[in-house]
Amino acid sequence: MTSKLWTLPEELARRGVSRRDFVTFCASVAAYFALPKEAGAEIAAAVQKSLKPSLVWLEFQDCAGNTESLLRASKPTVAEAILDAISLDYHETIMAAAGKRAEAALDKALQEQSGKLLVVIEGAIPTGAGGAYCTVGGRSALQIARDACDKAAGVIAVGTCAAFGGLPAAAPNPTQALGVAEAIPGIRNLVNLPACPANVENLTALLVYFLAYKRWPPLDAQRRPLFAYGKTIHDSCERRAHYDAGQYVEAWGDEGHRTGYCLYKMGCKGPVTHQNCPVVRWNEATNWPIGCGHPCIGCAEPGFWDTMTPFYRHLKGIPGFGIASDIDQIGAAAVGGVAVAFAGHGLVQIGIRSRKKGEEKAEKKGEEP
C-alpha cells in the first residue's frame, strides 16, 4: 500500500496548524533575516508552492549532537511540519533501513535528485590514511561527501565539526580531520552553521529561506549566515551592562555570580564569538548557557578547541581594550569613565543654567547678553 504524499498546506492542516499560525511563523522567519513585513507573506506563498525537495543528511566524525538538536524542533511549533515538508531520504541515525538498504536509499537519492537535493553534513571529514579513519558502506567519508556535494543544489555544514573541523581537528589532529570547505575545496553552494550543536531554530530558518528564494541568505567571510552569526554573543548578552560597569564574577557561586554579573573573568568568550544564542536561546527559548551562569566557550568559532582553551581563563587582548591582560584595570577604568561622564554632564548642565541666568539678568537691564 502506498502512502499519501502530503502537500505542505495538507500537512499543516493534518497537524492542526492553522494558516494564521503558518503565516505568523513565516513572518518570524522574515524577522530573523531583518526583511520587511511583507516578506513574511512572500515566504509563505513561495514555500507552499515549492516542490518537496530531497534532503540527504550525512554523518562522519561527529557526536550526533546536531541530529539531537534537529529532533527537538519545537518553537515555532510549525518548524516540525516545515522539516517534514522536506523529503529526508537518508539519515543513518534515524532511518529505519540499515546496511545495503540504507546505502541503496542514498544512491537512489543522489541519482534521481542530482542537482536538486540538499545535502547536510554533520561531523568532520578525516583525510589521513586515505580516509580510512571513517568509512560507511565500504567508502570513505571523503568519497561519500565529494559525490554528494557534486550533486547538491545546496550544502549545509551543520555543527562546528563539519564547518571547521571542531574537536576531531584539534591538535594534534591524528586523523587529519577537516571541515567540509577544506576537505572539498571549491563548493560554491556551501553554508556553514557552526556551534556545538547548531540551534535547530537557525537550521529551520535557513531551510525556509532556501525553499522560498532558492539561494542562501547573505553570508560572512566564514560562510556563516549573517542573520545568525552577524553579531557577537557580547553584543546581545544580558550581562553586558555589568561588563561595561566593571562588575565581574570573581568566583563560582559568589554574590556577583548569583546577581548576574559578567562572566568574562571566568573565561567567557562572548566578546569574540559570533552567534545569536542570547536572542534565540535553547529548549524552546527557555534559557542559554550564560543565562544559566556558565561562560560562553566560543564553540561557533574556527579552531575553538585550540584557541579558546583553557575554557575558564579569560582571553587577553579583547578588541577595544588594549589592557585586557589586567581585567581589574579595565573594571576600574570603566567605573571611572562612568563617573567622569556623569561629572562632565553635570558641569555642562551647571554651565548652561549659569548662562541662562546671565542672559535673563542682561535682558532685565536692557544689556546685550
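Excluded from the calculations below are hydrogen atoms, water molecules and symmetry mates; all remaining heavy atoms, backbone and side chain alike, are included.
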Considering all heavy atoms of both residues, which atom of Gly267 and which atom of Pro295 are nearest to each other, and what is their separation? C-CB, 4.0 Å
Value for SG (Cys134) from CZ (Arg139), rounded to nearest 0.5 Å, stands at 12.0 Å
I'd like to know if the side chain of Glu122 and the backbone of Thr67 have a donor-acceptor N/O pair within less than 3.5 Å. yes
Taking salt bridge (Lys or Arg N to Asp or Glu O under 4.0 Å) as the test, write out the residues that go with Arg224, two or more places apart. Asp220, Glu301
Nearest 0.5 Å, what's the NZ-OH distance between Lys269 and Tyr264? 9.0 Å
Going by side chain to side chain donor-acceptor pair (under 3.5 Å), name the residues that satisfy it together with Asn173, two or more places apart in sequence or in a different chain. none
Atom CG of Leu211 and atom CG of Leu206: how far apart are they, to the nearest 0.5 Å? 10.0 Å
List in chain and number order the residues that pass side-chain contact (heavy atoms from CB on, under 4.5 Å) with Cys277, two or more places apart in sequence or in another chain; answer none if no residue qualifies. Ile233, Gln275, Trp282, Trp288
Residue list, ring pair (Phe, Tyr, Trp, His ring centres under 6.0 Å) with His242, at least two apart or on another chain: Tyr261
Would you find a donor on one side and an acceptor on the other, under 3.5 Å apart, between the side chain of Trp216 and the backbone of Pro225? no
Using a 4.5 Å cut-off on heavy atoms from C-beta on, say whether the side chain of Trp57 contacts that of Ile94. no
So which heavy atom on His274 is nearest to which on Ala300, and how close? O-CB, 3.7 Å
Check whether any side-chain heavy atom of Asn287 lies under 4.5 Å from a side-chain heavy atom of Cys292, and answer yes or no. yes
Interatomic spacing from CZ in Arg223 to CG in Asn189 - rounded to 0.5 Å: 8.0 Å
Beyond-backbone contact of Thr273 with Met308, side-chain heavy atoms, under 4.5 angstrom: yes
Looking at Asp306 and Ala169, what are the two nearest heavy atoms and their distance? OD2-O, 4.4 Å
Arg146 meets the salt bridge (Lys or Arg N to Asp or Glu O under 4.0 Å) criterion, sequence neighbours left out, with none
Does the side chain of Phe304 reach to within under 4.5 Å of the side chain of Pro194, using non-hydrogen atoms? no
Could you check whether any side-chain heavy atom of Tyr209 comes within less than 4.5 Å of a side-chain heavy atom of Arg215, counting everything from C-beta outward? yes
List the residues meeting side chain to side chain donor-acceptor pair (under 3.5 Å) with Thr232, not counting sequence neighbours, and say none if there are none. Asp235
side-chain contact (heavy atoms from CB on, under 4.5 Å) assessment of Asn66 paired with Leu203: CA-CA 10 Å; Asn66 297 284; Leu203 176 60; over 6 Å; no
Restricting to pairs with a member in residues 101-114, which pass salt bridge (charged side-chain N to carboxylate O under 4.0 Å, His left out), not counting sequence neighbours? none
Each residue besides Leu110 in its hydrophobic cluster should be listed here, by chain and number; the cluster joins Ile, Leu, Val, Met, Phe, Trp and Tyr at side-chain heavy-atom distances under 4.5 Å. Val56, Leu58, Phe60, Tyr90, Met95, Leu106, Leu117, Val119, Ile121, Ile125, Val136, Leu142, Ile144, Val155, Val180, Ile184, Ile187, Leu190
Nearest 0.5 Å please: distance from the CZ atom of Phe311 over to the SG atom of Cys296. 10.0 Å
Keeping Asn192 on the side-chain end and Phe164 on the backbone end, is there a donor-acceptor pair under 3.5 Å? no
Leu193 and Tyr229 have their tightest heavy-atom pair at C-OH, 3.4 Å
Quick one: does Ser69's side chain have a donor or acceptor within less than 3.5 Å of a partner on Val200's backbone? yes
Of all the heavy-atom pairs spanning Arg239 and Ile290, show the shortest one and how long it is. NH2-O, 3.1 Å
Compare every heavy atom of Ser140 with every heavy atom of Gly130, then report the nearest pair and how far apart it is. O-CB, 4.3 Å
On the 0 to 90° scale, with breaks at 30° and 60°, tag the His234-Tyr243 ring pair as parallel, tilted or perpendicular. perpendicular
List the residues meeting ring pair (Phe, Tyr, Trp, His ring centres under 6.0 Å) with Tyr133, not counting sequence neighbours, and say none if there are none. none
Can you name the side chain to side chain donor-acceptor pair (under 3.5 Å) partners of Glu59, sequence neighbours left out? Thr93
Under 6.0 Å from the NZ atom of Lys151, do we count more than 12 heavy atoms belonging to anything else shown? yes
Do Cys268 and Cys262 have side chains that approach each other closer than 4.5 Å (heavy atoms only, starting at C-beta)? no
Drop me the distance from Ile297's CD1 to Tyr312's OH, to the nearest 0.5 angstrom. 7.5 Å
What pairs with Arg281 under salt bridge (Lys or Arg N to Asp or Glu O under 4.0 Å), at least two apart in sequence or on another chain? Glu238
Which residues pass the salt bridge (Lys or Arg N to Asp or Glu O under 4.0 Å) test with Glu68, not counting sequence neighbours? Arg72
Linking I/L/V/M/F/W/Y whenever any side-chain heavy atoms sit under 4.5 Å apart, do Leu226 and Phe210 land together? no
